Structures are given as structure tokens and as C-alpha cells.
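Read the structure below first, then the notes.
Residue numbers begin at 1 in each chain, while the letters A, B, ... track the order of the sequences. None of these values were measured; they are calculated from a predicted model.
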2 protein chains.
Amino acid sequence: MPKFVDGYLSYLLAAASERVSREFHRQLRPYGLSVANWRVLATLSDGDALSVGALARIVLFQQPTLTKLLARMAKARLVELRADPADRRRTLVRISAAGRKKVRPLLGMAKAHERACLASYSAAEVAKVKAILEDLLRRSETR
Amino acid sequence: MPKFVDGYLSYLLAAASERVSREFHRQLRPYGLSVANWRVLATLSDGDALSVGALARIVLFQQPTLTKLLARMAKARLVELRADPADRRRTLVRISAAGRKKVRPLLGMAKAHERACLASYSAAEVAKVKAILEDLLRRSETR
DNA sequence: GCGTATTATATGCCGTTTCATGCAATCGGA
DNA sequence: TCCGATTGCATGAAACGGCATATAATACGC
């Protein structure tokens with residue numbers, strides 16, 4: 001009995017995303033990190049400070065959600081928050097030393113997980129899929 | 001400053017999924033349906049009854065989340081719940097007449113939205129991406 | 001420079017999700 | 001057929017997210 005959702009783009013994307021990230025989530029749990037924590041730390045792992053809004057757009061959270069998440073992460077000493085001296089409306093977020101230490105082993109695990117997921121596809125196939133996903137994102141930015 | 005997430009499969013999937021479904025969500029709001037309601041109704045729209053667990057696997061919700069969602073939807077008369085006579089542990093879920101009426105126009109809108117998202121790709125490109133997403137799902141079932 | 005519009009973040013309230021667990025029905029082996 | 005294991009769903013407490021809105025800083029037109 002085929003369901004409406006079968007083959008429906010939105011569903012395929014949601015299902016694939018859910019599966020892939022849930023699998024990785026299982027690897028994250030021993031480290032005491034949620035997927036949300038992971039995304040924030042991974043995004044900040046290069047050391048640059050970002051404003052709350054810029055970070056929210058990258059990690060796909062609404063701004064109030066991220067503000068509250070950051071408050072919890074700051075309390076856990078994973079990130080540091082400070083007002084932007086150049087524009088005091090802004091709050092800059094930076095990863096802490098503890099956050100960096102916590103996220104470092106996970107960066108490699110994430111890449112390994114991706115390789116495992118994609119192992120049976122050719123480089124061309126992977127590139128094609130990623131290109132279309134990136135293109136979908138670019139196009140939807142203006143909508 | 002490229003971020004870790006750039007080009008990362010899990011991120012691309014999450015971002016593409018989020019964008020596509022958020023756009024459709026805006027179209028859903030006038031109908032008073034959340035994305036969760038929509039997924040349940042769309043899945044049940046062919047008339048078949050499903051158990052709570054089977055439905056949860058399809059719509060990608062955890063079982064307790066779906067149980068509570070279904071309770072709300074049953075109160076709103078969108079679905080009907082009854083014990084499975086063949087296995088009384090199971091609860092069968094079926095769409096109601098009101099639910100069917102509510103979801104019918106949305107099925108066409110969903111297909112139109114998908115066409116709009118994919119308009120600039122060839123049929124072969126679309127087929128390729130969907131095939132890989134479906135394959136990713138199948139493979140991850142056993143993991 | 002003044003008042004208004006705009007941008008950036010924080011907050012409050014409330015509904016929802018999650019995790020752990022409970023309870024009941026069914027299964028399966030001896 | 002009995003009993004432990006398993007399966008399926010429900011539930012309670014606590015954490016979380018979403019929406020609307022408040023607050024504060026900056027930009028902009030005159």
C-alpha cells in the first residue's frame with residue numbers, strides 16, 4: 001500500500017535527514033551532546049565568533065530558540081557570549097576551550113559517518129546530489 | 001570563512017528539508033494545520049488504517065509524540081482511533097471524513113510545491129537524487 | 001540633531017516533545 | 001499451559017521550542 005509520502009521530495013529529504021542525523025546522534029550521546037549542541041559547536045569550531053542571528057541562520061534554529069540554547073551552553077561553559085563592541089545590539093558567540101576540546105574528536109567521527117553513509121556511491125553521484133541540494137538551498141533563499 | 005557544516009551531507013539534508021518544508025508550512029497555516037498534522041493526514045489519506053507504531057515510523061515521530069498528537073487530532077475529529085480486534089495491544093488510526101475533506105486540497109498543493117521546487121532540474125536529475133535518497137533510507141534501515 | 005523606522009537580541013507564556021517507565025497483550029520455549 | 005520475554009501503546013514529569021512581543025541600539029530622512 002503505497003502512501004502519499006512515497007517518493008515525495010519533502011518527505012524523502014526529511015526522512016533521509018532524520019535517519020542520518022539520528023544515527024550520528026547515537027554516537028553523540030556518550031559525549032553528553034544533543035544534535036543542537038553539536039551543530040553549534042561544529043559551526044563555531046574554526047574559532048570565529050558569530051552573532052546570534054548569523055549563527056541561527058547557519059544552524060537552522062529560530063533566533064529565540066538559539067538564544068535559549070546558547071544560555072544553556074554558556075552555563076555549561078561550552079561557549080562564551082559577549083556584546084559586540086562595534087554594535088552593542090549584537091551578542092557575539094565564541095567556542096570556549098572546553099567546547100573545542102569536547103568537539104574535536106567528534107569532527108572526525110562526523111566525517112567518518114558521512115563516508116560510511118556514502119560509501120556505496122561514486123564520487124560523481126555524491127557530487128551531483130550535493131550540488132542539487134546546495135542549489136535547492138540557494139534558490140529557496142529568495143523565496 | 002567556510003564553516004565545518006559546509007558541504008556536509010547531514011547538514012545539506014537538514015537544511016534542504018527545513019527550507020522545503022517551511023515553505024510548505026506557510027501554505028498550510030491558513031488551513032490550521034501544523035506540519036505534523038499534515039504528515040499524518042497525508043499518510044492516512046488513502047483510507048487505510050495503520051497502527052500507531054507503523055504510522056510513527058512513516059511520519060518520523062517518536063511513538064509518545066505521535067500518541068499525544070493523535071489524541072489531539074482525534075479530539076479535533078481529524079482521525080479516529082480504535083483498538084485492533086486482532087491484537088488488542090495495537091491502536092488503529094484511520095482518517096475521518098472531516099480529515100479527508102481537510103487534506104484533499106492540500107495534496108494537490110503539495111505536489112505543486114514540489115514541482116515548483118524542482119522546476120529547474122531535468123527529470124533525470126530529479127530521478128537520480130530521489131533514487132539516492134531512497135537508497136540511503138533503505139540502507140539505514142538495518143543500521 | 002530629532003524623531004521614526006529598522007535591526008538584533010531577550011523574554012514570557014504556553015503548547016509540545018522527550019525520556020523513562022508503566023501496563024497490558026501476545027509470543028515462545030519447555 | 002505456564003511463565004518469562006517481548007511487543008505495543010500510554011502516561012507523567014521535566015525540558016524544550018515557537019510565537020508574539022519587549023527592549024535596546026543603530027540607521028535614516030529631513
Answer yes when B:Asp84 and B:Arg88 have at least one side-chain N-carboxylate O distance shorter than 4.0 Å, and no when they do not.
-> no
side-chain N/O B:Thr65 vs C:dT18 OP1/OP2, d < 4.0 Å | yes
In whole angstroms, how far is the P atom of C:dA8 from the CG atom of A:Leu81?
-> 17 Å
Just to confirm, is there a sub-4.0 Å distance from OP1 or OP2 of D:dA22 to any side-chain nitrogen or oxygen of A:Arg89?
-> no
With respect to the phosphate group of D:dG8, does any side-chain polar atom (N or O) of B:Arg90 fall under 4.0 Å of OP1 or OP2?
-> yes
For the pair made of CG in B:Leu69 and P in D:dT11, what is the distance, rounded to whole Å?
-> 15 Å
Side-chain N or O of B:Thr67 less than 4.0 angstrom from OP1 or OP2 on D:dC9?
-> no
Select base, sugar-phosphate, or nothing to describe what B:Gln63 touches, counting heavy atoms under 4.0 Å on all strands.
-> base
Mind calculating the distance between NZ (A:Lys68) and P (D:dA20) to the nearest angstrom?
-> 13 Å
Carboxylate-amine/guanidinium proximity below 4.0 Å for B:Lys130 and B:Glu114 = yes
Output yes when at least one side-chain N/O atom of B:Arg88 is less than 4.0 Å from OP1 or OP2 of C:dA24, else no.
-> no
Side chain of A:Gln62 - closest among C:dT9, D:dC19, D:dA10 = D:dC19
